[in-house]
Amino acid sequence: MKKCAVIGSINMDMVLSVPRFPAAGETLTGGNFQTVPGGKGANQAVALGRLGAPVRMAGRVGDDAFGRRYLDHFRKNGVDVRAVDAVAGTATGVADILVNAAGENCIVIAPGANGLCDLEWLDRALEATADCEIFLLQLEIPLDTVAEAVRRLRKMGKTILLDPAPAVPLPEDVLSAVDFLTPNETELKAVTSGLPEDAGIEERVRHLVGGSGRVVVHKRGADGAYIGTRDGIEHVPGFSVRAVDTTAAGDTFNAGLAAGLAMGWPLRDAVRLANAAGALAVTAYGAQEGMPSLEQAQALMARG
Ligand code: RIB
């Protein structure tokens with residue numbers, strides 16, 4: 001099985017359930033409150049670990065209690081932490097998350113140590129992950145660092161999965177260096193912002209694939225995913241589950257896709273695994289609580 005590396009963010013999530021999202025200036029009484037591990041990069045690493053894939057995290061935490069708790073959490077979930085360092089005098093990244101009764105969320109992030117993943121740090125991170133083959137990146141560490149990482153990984157001949165989240169327009173040379181791009185609906189619009197506002201999904205996916213060998217896997221939550229390649233666009237249906245909290249569904253989807261690729265599965269099967277893993281992730285409260293093992297994801301796939 002191929003070794004995976006995640007280069008990205010590590011957050012502690014402060015999750016508060018609310019009956020609905022408050023309006024500006026309004027005070028609401030919420031319900032359950034928890035402090036749980038999150039962050040797009042770390043979520044993808046932990047989801048890979050749960051799926052049984054060999055995975056190494058490259059990121060930064062603060063020299064605080066959250067950072068220490070996270071390192072321990074990574075280890076317990078099978079994530080290799082040799083490329084995670086603790087930055088002196090800095091706080092671990094934090095995300096304030098409201099989850100409404102429909103399981104939807106609103107997130108505000110204080111990046112902390114994630115914001116210090118600069119180009120000097122990247123040199124060390126790439127050295128410490130040089131033996132990995134499949135790389136997962138997102139956009140919660142500085143964009144310059146992600147862009148440079150993609151360019152350098154391309155030169156190193158690595159397989160690159162970029163989750164363009166949170167949504168921002170991306171430099172053209174970065175997009176063209178990626179092997180797998182996995183936008184959701186908002187991110188798909190952001191990375192094809194040059195197209196007319198009323199352009200449809202298929203037009204946007206086709207535009208991203210262009211004449212390249214790049215694969216676009218457009219995540220659609222309960223509706224599954226669209227795979228776009230040079231050969232055309234294919235819909236892979238999703239799985240129906242009861243959503244409790246959709247936080248990190250996309251992160252778990254990416255991990256499922258990478259795990260499938262790491263095991264050498266055909267692309268469509270890897271996307272089915274991604275759909276199943278993402279679906280199971282939303283059945284529990286908090287970013288990582290519902291992330292499945294490979295057996296649990298395969299059981300859902302077998303149910304159809
Ligand atoms: O993708 C979900 C993640 O986004 C949360 O865990 C939160 O930390 C934010 O980074």
Side chains of Phe135 and Cys4: closer than 4.5 Å at any heavy-atom pair?
no
Does this structure show an ion pair linking Lys219 with Asp163, if we count only N-O contacts that are shorter than 4.0 Å?
yes
With clusters defined by side-chain heavy atoms of hydrophobic residues (ILVMFWY) lying less than 4.5 Å apart, directly or transitively, does Val84 cluster with Val94?
yes
NZ/NE/NH1/NH2 to OD/OE distance under 4.0 Å, Arg206 and Glu202
yes
Nearest-0.5 Å distance that lies between atom CE in Met57 and atom CG in Leu136
10.0 Å
Residues 49-75 vs ring-ring contact (aromatic ring centres under 6.0 Å, His included), sequence neighbours excluded, gives Tyr70-His73, Tyr70-Phe74
Tell me which pairs pass ring-ring contact (aromatic ring centres under 6.0 Å, His included) where either residue lies in residues 193-231, with sequence neighbours left out.
Tyr226-His235
Given Ile107, which partner from the list Leu98, Val99, Val15, Ile97 fulfils the side-chain contact (heavy atoms from CB on, under 4.5 Å) test?
Ile97
Atom pair CD/OG of Glu172 and Ser176 - distance to nearest 0.5 Å:
5.5 Å
Which heavy atom in Phe253 sits nearest to a heavy atom in Ala225, and how many Å separate them?
CZ-CB, 3.8 Å
Which residue pairs pass the side-chain hydrogen bond (donor to acceptor under 3.5 Å, both in side chains) test when at least one of the two sits in residues 122-132, sequence neighbours left out?
Lys3-Asp131, Arg56-Asp131, Asp123-Arg152
Given side chains that start at C-beta, do those of Leu162 and Leu139 come closer than 4.5 Å, heavy atoms only?
yes
Would you say CD of Glu120 has more than 12 non-hydrogen atoms from neighbouring residues, nucleotides or ligands within 6.0 angstrom?
no
In the structure I gave you, are the side-chain heavy atoms of Met291 and Leu280 within less than 4.5 Å of one another anywhere?
no
From CA spacing to verdict: salt bridge (Lys or Arg N to Asp or Glu O under 4.0 Å), Arg50, Glu295
CA-CA 10 Å; Arg50 295 256 174 93; Glu295 292 66 32; over 6 Å; no
Pairwise distance CG(Asn275) to CG(Leu300) - rounded to 0.5 angstrom
9.5 Å
Scan residues 81-103 for pairs that pass side-chain hydrogen bond (donor to acceptor under 3.5 Å, both in side chains), counting only residues two or more places apart or in two chains.
Arg60-Asp85, Asp64-Thr92, Asp80-Arg82, Asn100-Glu104
If you take all heavy atoms of Glu140 and Asn114, which pair is closest and at what distance?
O-CB, 4.0 Å
Is any side-chain N of the basic residue among Glu234 and Arg268 closer than 4.0 Å to the acidic one's carboxylate O?
yes
hydrophobic_cluster_shared for Val191 and Val150, side chain cutoff 4.5 Å
yes
Under the side chain to side chain donor-acceptor pair (under 3.5 Å) test, which residues partner Asp72, sequence neighbours left out?
Lys76
Taking C-beta and beyond as the side chain, do Lys158 and Cys132 meet within less than 4.5 Å on heavy atoms?
no
Do Pro37 and Arg69 come within less than 4.5 Å of each other through their side chains, counting heavy atoms only?
yes
Counting only heavy atoms not in Glu289, do more than 12 fall under 6.0 Å of its CD?
no
Hydrophobic cluster (4.5 angstrom, side-chain heavy atoms) - remaining members for Leu116
Val87
Checking side-chain contact (heavy atoms from CB on, under 4.5 Å) between Pro164 and each of Leu175, Leu181, Thr186, which is the one that passes?
Leu181
At what distance, to the nearest 0.5 angstrom, does CD of Glu133 lie from CG of Leu153?
12.5 Å
Hey, could you give me the CD/CD distance between Gln288 and Gln44, rounded to the nearest 0.5 Å?
11.0 Å
Would you compute the distance between atom CG of Leu51 and atom OG1 of Thr252 and round it to the nearest 0.5 angstrom?
8.5 Å
Donor + acceptor pair across side chains of Asp245, Thr247 (<3.5 Å):
yes
Do the non-hydrogen side-chain atoms of Leu16 and Asn32 ever get within less than 4.5 Å of each other?
no
Determine, using the 4.5 Å side-chain heavy-atom cutoff (strictly less than), whether Leu261 and Val217 are members of one ILVMFWY cluster.
yes
Using side-chain contact (heavy atoms from CB on, under 4.5 Å), reason through Ile227 and Val216 one step at a time and then give a plain yes or no.
CA-CA 6 Å; Ile227 305 176; Val216 175; over 6 Å; no
Within a strict 4.5 Å, meaning less than it, do heavy atoms of the Ile7 and Trp121 side chains meet?
yes
Between Asn43 and Ala248 the two heavy atoms that sit nearest each other are ND2-CB, 3.5 Å
Heavy atoms of Gly228 and Val205 approach each other most closely as CA-CG1, 3.7 Å
